[in-house]
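The structure appears right after this line, and notes come after that.
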Amino acid sequence: MQFFWSKLGIAQMASSNFHDARQSFEQAQFFAPAKSYNDYVLRYYQALNDLRAGNYSQAYGIYRQNRRCRFAPLRLQFAILEAYLCFLAYTGNFQFDGIFRLGKFLNDTFKAQTEKQGDNLTVVIAELLVLLARDRGKFIDRIEAVQHYSYRHLRGEDTRRAYWFIKILCLLPKVNFHPDALKRRAKTYLEKLEHHPVASGENFAIEIIPFDRLLRMILRQLQQKVA
């Protein structure tokens, strides 16, 4: 029963049916022993569901309660959630009470960074988002290496949306971070993201927040700085 409710919740979350997804994950938790691996997995899904639903304070609360769980793979996932929450705070979408240290994040996720698949891509994107919000100079320094990485490792169907998203980010220094210029230069990739939404289950772990939503946040922040 736990497997059924968990899979159902994932499908509902992928379809943006966040209310029903939350209920499904809660149902699944009845069958997971407290503080077991599966229990923490379901708590992570609940936090991810809240993050995608825009319930950032609830997601932060779940992160705070479970960030130090004893299972290293799940500590990594919660660390990635923390980076996204930091980005949301810097873009004015959420009040982040803690202090996010990018160096610690990169140290905690070092093992994932050495891989060219799996969580590596999620860590790369989280780092770029934080740098974009906090330090454009370091963002520019990092984006060149990421551009080479995307060309070599993001050529498959399962990573096409990530490839388009990173291509858009790579254009930011070239347009001097101007939102209108970015929309003109990135029109092709923006249309690709719009017309090829995430299918149920596709890139589920990569798009912590769907890339099209992230871009709207980025464009809104850039517009505020121009104004």
Side-chain angles (χ1 to χ4, degrees), residues 47 51 54 56-57 59-60 63-64 67 75-116 119-154 159 161-186 189-190 193 206-227:
L51 197 63
Y56 304 134
S57 295
Y60 180 65
Y63 151 75
R64 293 271 298 177
R67 58 183 172 171
R75 287 200 304 273
L76 169 64
Q77 301 306 321
F78 281 114
I80 294 170
L81 289 188
E82 182 189 20
Y84 270 80
L85 288 164
C86 174
F87 166 76
L88 291 167
Y90 276 102
T91 53
N93 291 280
F94 165 69
Q95 183 65 44
F96 190 86
D97 295 331
I99 299 174
F100 180 80
R101 296 179 175 86
L102 183 58
K104 182 178 184 304
F105 169 74
L106 295 176
N107 184 63
D108 291 344
T109 59
F110 177 76
K111 183 177 180 181
Q113 294 170 54
T114 61
E115 302 171 356
K116 300 305 177 187
D119 293 313
N120 177 57
L121 177 56
T122 318
V123 172
V124 167
I125 292 173
E127 179 190 3
L128 287 176
L129 291 173
V130 173
L131 288 176
L132 177 60
R134 283 171 44 164
D135 192 325
R136 288 184 179 180
K138 290 183 179 179
F139 173 85
I140 293 171
D141 293 340
R142 185 74 175 100
I143 201 69
E144 183 176 351
V146 172
Q147 188 170 13
H148 292 302
Y149 161 86
S150 66
Y151 182 79
R152 293 181 61 187
H153 300 289
L154 305 182
T159 56
R161 281 176 56 88
Y163 177 77
W164 298 332
F165 179 67
I166 289 176
K167 289 291 285 187
I168 294 170
L169 295 185
C170 288
L171 289 171
L172 280 166
K174 297 178 182 179
V175 299
N176 199 26
F177 297 89
H178 196 286
D180 295 333
L182 179 65
K183 284 186 278 190
R184 289 194 299 269
R185 290 285 298 273
Y189 298 117
L190 289 167
L193 283 173
I206 297 174
E207 299 195 39
I208 302 296
I209 295 176
F211 294 139
D212 41 337
R213 276 182 56 196
L214 284 174
L215 284 168
R216 286 195 293 272
M217 293 178 188
I218 290 169
L219 287 167
R220 186 166 59 247
Q221 185 196 33
L222 294 177
Q223 192 66 56
Q224 290 171 352
K225 293 196 174 185
V226 168

Return a table of donor-acceptor pairs under 3.5 angstrom between the side chains of residues 171-179 and protein atoms on other chains or two or more places apart.
| unit_1 | atom_1 | unit_2 | atom_2 | d |
| --- | --- | --- | --- | --- |
| His178 | ND1 | Asp180 | N | 3.3 |

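- Partners of Phe94 according to the ring pair (Phe, Tyr, Trp, His ring centres under 6.0 Å) rule, which considers only residues two or more places apart in sequence or in another chain, are Tyr60.
- Enclosure of atom CZ in Arg64 is not indicated, since only 12 or fewer non-hydrogen atoms of other residues, nucleotides or ligands lie within 6.0 angstrom.
- Considering CZ of Arg67 and CG of Leu81, their distance stands at 12.5 Å, rounded to 0.5 Å.
- Using a 4.5 Å cut-off on side-chain heavy atoms (C-beta onward), Leu128 and Phe87 make no contact.
- Between the CZ atom in Arg161 and the CZ atom in Phe211 there is a gap of 7.0 Å [rounded to 0.5 Å].
- The only member of Leu190, Leu193, Asp212 that meets side chain to side chain contact (heavy atoms under 4.5 Å, CB included) when paired with Trp164 is Leu193.
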ask   = side-chain contact (heavy atoms from CB on, under 4.5 Å) between Phe96 and Leu88: does it pass, once the steps are laid out?
value = CA-CA 8 Å; Phe96 190 86; Leu88 291 167; over 6 Å; no
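- Residue pairs that meet the side-chain hydrogen bond (donor to acceptor under 3.5 Å, both in side chains) test with at least one member in residues 81-90, sequence neighbours left out, are Tyr63-Glu82.
- Atom-to-atom distance recorded for Ile208:CD1 and Gln77:CD is 6.5 Å, nearest 0.5 angstrom.
- Remark: Lys104 pairs with Asp108 by the side chain to side chain donor-acceptor pair (under 3.5 Å) rule, at least two apart or across chains.
- Going from atom SG of Cys86 over to atom CD1 of Ile99 covers 11.0 Å, rounded to the nearest 0.5 Å.
- The two residues Ala83 and Ala126 come nearest to each other via the heavy atoms CB-CB, 3.8 Å.
- The two residues Tyr163 and Ser150 make their nearest non-hydrogen contact at CD1-O, 3.8 Å.
- Every side chain to side chain donor-acceptor pair (under 3.5 Å) that Tyr56 has, sequence neighbours left out, goes to Arg213.
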Can you give each donor-acceptor pair under 3.5 Å made by side-chain atoms of residues 130-146, sequence neighbours left out, with the distance rounded to 0.1 Å?
| unit_1 | atom_1 | unit_2 | atom_2 | d |
| --- | --- | --- | --- | --- |
| Arg134 | NH1 | Phe100 | O | 3.0 |
| Asp135 | OD1 | Gly137 | N | 3.1 |
| Asp135 | OD1 | Lys138 | N | 3.1 |
| Arg142 | NE | Glu127 | OE1 | 3.0 |
| Arg142 | NE | Glu127 | OE2 | 3.1 |
| Arg142 | NH2 | Glu127 | OE1 | 3.4 |

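- Looking only at side-chain heavy atoms (C-beta outward), Leu169 and Ile125 stay at 4.5 Å or farther from each other.
- Residues Leu121 and Thr159 come closest through the heavy atom pair CD2-CG2, 4.5 Å.
- Residues meeting the side chain to side chain donor-acceptor pair (under 3.5 Å) test with Thr91, sequence neighbours left out: Asn93.
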